[in-house]
Amino acid sequence: MLAHHLSFSLRSLSPVLTLLFGFAGLSFAAESKLEVKPGAKVVIIGNALAESMQTDNTFETLLYERFPQHQLVVRNLGWSADTINVRLRSTGFQDHGHTLVDHQPDILLAFFGFNESFAGPEGLPAFEADLARFLRGLKELKYPTTNYARGTDVPKLQDKSGKVENPPQIVLFAPTANQDRPGRGIYAAQKNNPNLKLYSEAMRRVAEQEKVLFVDLFEGTAKDFAKPSRSFTSNGSQLNAAGHALVAEYIDSVLFPAQSQGGAATADSKKSAALREAIADKNNLFYTDYRAVNGFYIYGGRKEPFGVVNFPPEFAKLRKMVDVRDHRIWDAAQGKPLPENIDDSQTGELPEIPTNFKDQVVITTPEESAQMFTVADGFQVELWASEVQFPDLKNPVTFTFDAQGRMWITTMPTYPQMLPGVPSDDKILILADTDADGRADKQTVFASGLNLPTGLEIADGGAYVTTQPDLAFLKDTNGDDVADECEIVLRGFDTADSHHTISAFEWGPGGDLFMLEGTFLHSQIETPHGPVRCANGAVYRYEPRKDKLEVHVAYSFANPWGLSFDKWGQGFLSDASGGANYFVTPFSGEVDFPRQHPSMKQFLVKQWRPTCGTELVASRHFPDSMQGDFLVNNCIGFQGVLQYRLNEEGSGYAATPTTPLLRSDDPNFRPVDLQFGPDGALYVLDWFNPLIGHMQHSIRDPMRDHIHGRIWRVTHKSRPLVKPPVIAGASVKELLELLKAPEDRTRYRVRRELRNRPTEEVMLALDAWTAALTGSDPVTEQLLLEALWVKQQHDVVDPALLQRLLTAHDGRARAAAVRVACCWRDELADVLPLLRTAANDPHPRVRLEAVRSLSFFDSEPAVEIAVESLLHPQDDYLQYALKETLQTLEARLNKKSQ
């Protein structure tokens, strides 16, 4: 959890201001008020609003300040996108000790209604009936979660039965109002507030019926949230610090009106600061327990044979550490002096775990490891960086290059997961070769205190990074290359397996961030556009500007870890554990949760497994014969970089093996990522570990290495390196000219840089640049496609340019334009006629894109257009996509007719 684990210096963060409000619409559904008794246990449940109160503990602080002598115990079980009916959890979660029966709350604070409201007015009758049943169940401490076994869309409920020691007082909270964020193209207030109001009113009616206390946060926030001069949300629906302060004081005034007449306690007092810090520490540890990573190995299907040995004492210790923090909170609430250090000496010891690794472990030096490579003819491998020169380079897992040509790397020594009492301190490093001698010579620590950062990409003036279980955005605001702002942008990604969670980040050409997720995981992410859910494998597509997330591929993956796009925007994905490789377009049509796409053919015959990281060759430094080849790392058995010749075949592609680019005989060599650098050389990230794998060895096996890591540079002996392009500081016109570079990664970084520039400036220059592009040759049409993608990056819909590409001479350009039309379907006047033309295109890939795009609709005309594609020759991919699209459309039409 980022706000708990992140320990970099937040030097420029503004303090939370004390706000003065005039409250309106305060109401209860019953005459009685909340009774808080000494020693009461308060449990918070609900959606992302509830979950975010872990990190912004303003309300919890006010609660302890109201009752400083009561020695309250507060536990937050909030989870992004939880609803009254659906609460996704991984297998066996009910055995982890965090059901309501386990916690036996005296007071239950329930935050719901936001995600449910996306069902609209027609969903109200079912919502009211379901809410009444839900509240009656809460009185009996029934709060089941939902799980899906891999390969099935049949839900299974998980809960624990037991005696209700004391029926809880329940407080039902309506959702807050939403705000418009027009600068980001988010109109959450306009789209969501009418439904939020309806659902809040329905919640009031049901609360009265069920004699449950009710707080109308919608009415309490609507007036303030409507003020254009104040921002209370980060994305229209997720509260920022000011929003949490407003809501906390509102709740405080409603629940405890007599105590609130004098106003809330001063938020910046010395006592409050100490109390908030103590609460934050407790919440951090509790969250580490409640949202434990590797749950599938703690209480799930793989807890045997190792997890049952190490995890019970670990969580026993962790829970005693949380109890210690409760006492510290009570002292802080009463104004007692707090010792600087916390004494955890009585919380228990952890057992020593023996290794089951039978091979001899020999840690090779970088020099020794360099001699153990076998490379393809003409190539050489040289060390670019290692833990010897940069001790922070521990277990590097993913990397990318910035506009200055520097490498950004995440390190993960905490992997597989943190130990109780040992804070997570994974990092983002920036390494640079300042003298251009082919070796890194400068390190900057951009961020520390991260938790298992399996994914990383940079853009928008900062870094998007996984810090399990969240997606965070870290930003440097003062130019010292050290992050000083952090924002959790997406909550709710599951972490039931820490090496299956969102990873292998890759920017799509249109500015969407793709993130890959593996099996066992049950993710549900709350957004201002509605909840997004997927179980047991996904590729996510995220538009940061609009905070729009969708499941790009719902498929029963094992552990996808590698996604690459060619110069026409077609994607190729590797599924690590099984070594499968897929052409992405055919199974990227939309399906409705919980359905997943069925098995699809691969575009190459697997040689080895497991893979980890992919790249397409597009570098003048590499031989002409290799251009377009598909490269994929393999990290067990064959430890090196495999190479495949990629060819177009019908609507898709097929690949055949060729000579591997490199192989190592060092058993510690574990290639996990690769990418072409600004100089045209290929860089390979080496996790470097004698022992890997969750299932084969204990997570705490002492043979796991946590201190080594290498980066290798692959170059051709007889071909010149590429002159690194000047991207940082270049003018917009100069950047546009760089879109003509043959290197895919140069254009990738240029598009990323252009998205950071002012939209008006970029569009003015881009339109002039595009106007000068004439002709219908593939080179010109590919440049027009680059221009369209820049428009997409800036969310500037250009129907004229889109139409120009939809009628391009090259079918690959037309196919890419159909993909953009699908992305713009909500902004274009009428997309279906464009898709009808594409569905009858002579090029099979254009038809494939059209059939896939039709899955995003819910009308009879969409079905008719999809069927029209049968008038043309079919192949495996076209047949697969058509079947999937028709199944999605037919299910939606059947639902509408009921």
Side-chain angles (χ1 to χ4, degrees), residues 508-512 565-571 583-586 588 616 618 627-628 646-653 736-742 744 747-748 750-751 754 763 766-794 796-825 827-854 865 868-869 871-873 875 877-878 881:
D512 26 18
F565 293 95
D566 71 6
K567 66 180 181 180
W568 300 102
Q570 296 297 328
F583 169 43
V584 174
T585 298
S588 64
L616 292 169
Q627 301 305 309
L646 190 62
N647 298 295
E648 297 193 39
E649 184 177 274
S651 65
Y653 298 82
L736 293 174
E737 286 301 302
L738 285 174
L739 291 176
K740 298 177 180 178
D744 289 351
R747 300 193 309 278
Y748 179 96
V750 168
R751 289 192 298 266
L754 283 167
M763 292 304 108
L766 182 64
D767 289 341
W769 187 76
T770 305
L773 297 174
T774 59
S776 58
D777 58 282
V779 173
T780 300
E781 291 182 342
Q782 201 274 325
L783 292 176
L784 288 171
L785 183 57
E786 291 286 350
L788 186 68
W789 285 334
V790 173
K791 296 265 185 176
Q792 196 179 357
Q793 295 255 1
H794 281 266
V796 174
V797 177
D798 188 337
L801 180 58
L802 176 64
Q803 186 61 38
R804 187 176 174 185
L805 279 157
L806 286 169
T807 56
H809 178 77
D810 195 309
R812 296 170 297 182
R814 297 196 303 276
V818 174
R819 177 68 62 89
V820 176
C822 181
C823 292
W824 284 350
R825 62 190 179 275
E827 286 81 18
L828 294 170
D830 193 356
V831 179
L832 286 179
L834 303 179
L835 296 181
R836 183 182 296 275
T837 299
N840 291 280
D841 193 278
H843 197 294
R845 194 165 307 126
V846 181
R847 300 198 302 274
L848 179 66
E849 287 283 359
V851 170
R852 173 248 176 212
S853 297
L854 289 163
I865 295 170
E868 276 186 41
S869 69
L871 296 173
H872 307 277
D875 61 20
Y877 286 134
L878 281 164

Would you please say whether a donor-acceptor pair under 3.5 Å links the side chains of [X] and [Y]?
X: Tyr877; Y: Arg847; value: no
X: Trp824; Y: Gln792; value: no
X: Arg852; Y: Ser588; value: yes

Atom pair [atom1] ([X]) and [atom2] ([Y]), whose distance is rounded to the nearest 0.5 Å:
X: Leu801; Y: Leu806; atom1: CG; atom2: CG; value: 9.5 Å
X: Phe583; Y: Arg845; atom1: CZ; atom2: CZ; value: 5.5 Å
X: Gln627; Y: Leu646; atom1: CD; atom2: CG; value: 13.0 Å
X: Leu854; Y: Leu835; atom1: CG; atom2: CG; value: 5.0 Å
X: Glu786; Y: Leu738; atom1: CD; atom2: CG; value: 11.0 Å
X: Leu832; Y: Leu828; atom1: CG; atom2: CG; value: 11.0 Å

Shortest non-hydrogen contact between [X] and [Y], atoms and distance:
X: Ala808; Y: Ala813; result: CB-CB, 3.9 Å
X: Pro844; Y: Leu878; result: O-CD2, 3.8 Å
X: Ala817; Y: Leu788; result: CA-CD2, 4.4 Å
X: Ala787; Y: Thr770; result: CB-OG1, 3.5 Å
X: Ala815; Y: Gln570; result: CB-NE2, 4.4 Å
X: Ala838; Y: Ala850; result: CB-CB, 3.6 Å

Within-4.5 Å side-chain heavy-atom neighbours: [X] and [Y]:
X: Trp789; Y: Leu739; result: no
X: Val818; Y: Ser853; result: yes
X: Val831; Y: Cys822; result: no

Next on the checklist: Once salt bridge (Lys or Arg N to Asp or Glu O under 4.0 Å) is applied, what residue pairs with a partner in residues 798-808 remain, sequence neighbours excluded?
Outcome noted: Lys791-Asp798
Next on the checklist: Filter on salt bridge (Lys or Arg N to Asp or Glu O under 4.0 Å), then keep only pairs touching residues 814-824, sequence neighbours left out; what's left?
Outcome noted: Arg814-Asp841, Arg819-Glu849
Check: [Y] main-chain N/O paired with [X] side-chain donor or acceptor under 3.5 Å:
X: Thr807; Y: Gln803; answer: yes
X: Gln782; Y: Lys567; answer: yes
X: His794; Y: Leu754; answer: yes
X: Asp810; Y: Pro778; answer: no

Next on the checklist: Test of understanding: with ring pair (Phe, Tyr, Trp, His ring centres under 6.0 Å), list the residues that count as partners of Phe565, not counting sequence neighbours.
Outcome noted: Phe514
Checklist entry - Do other residues, nucleotides or ligands put more than 12 heavy atoms under 6.0 Å from the NE2 atom of His872? => result yes
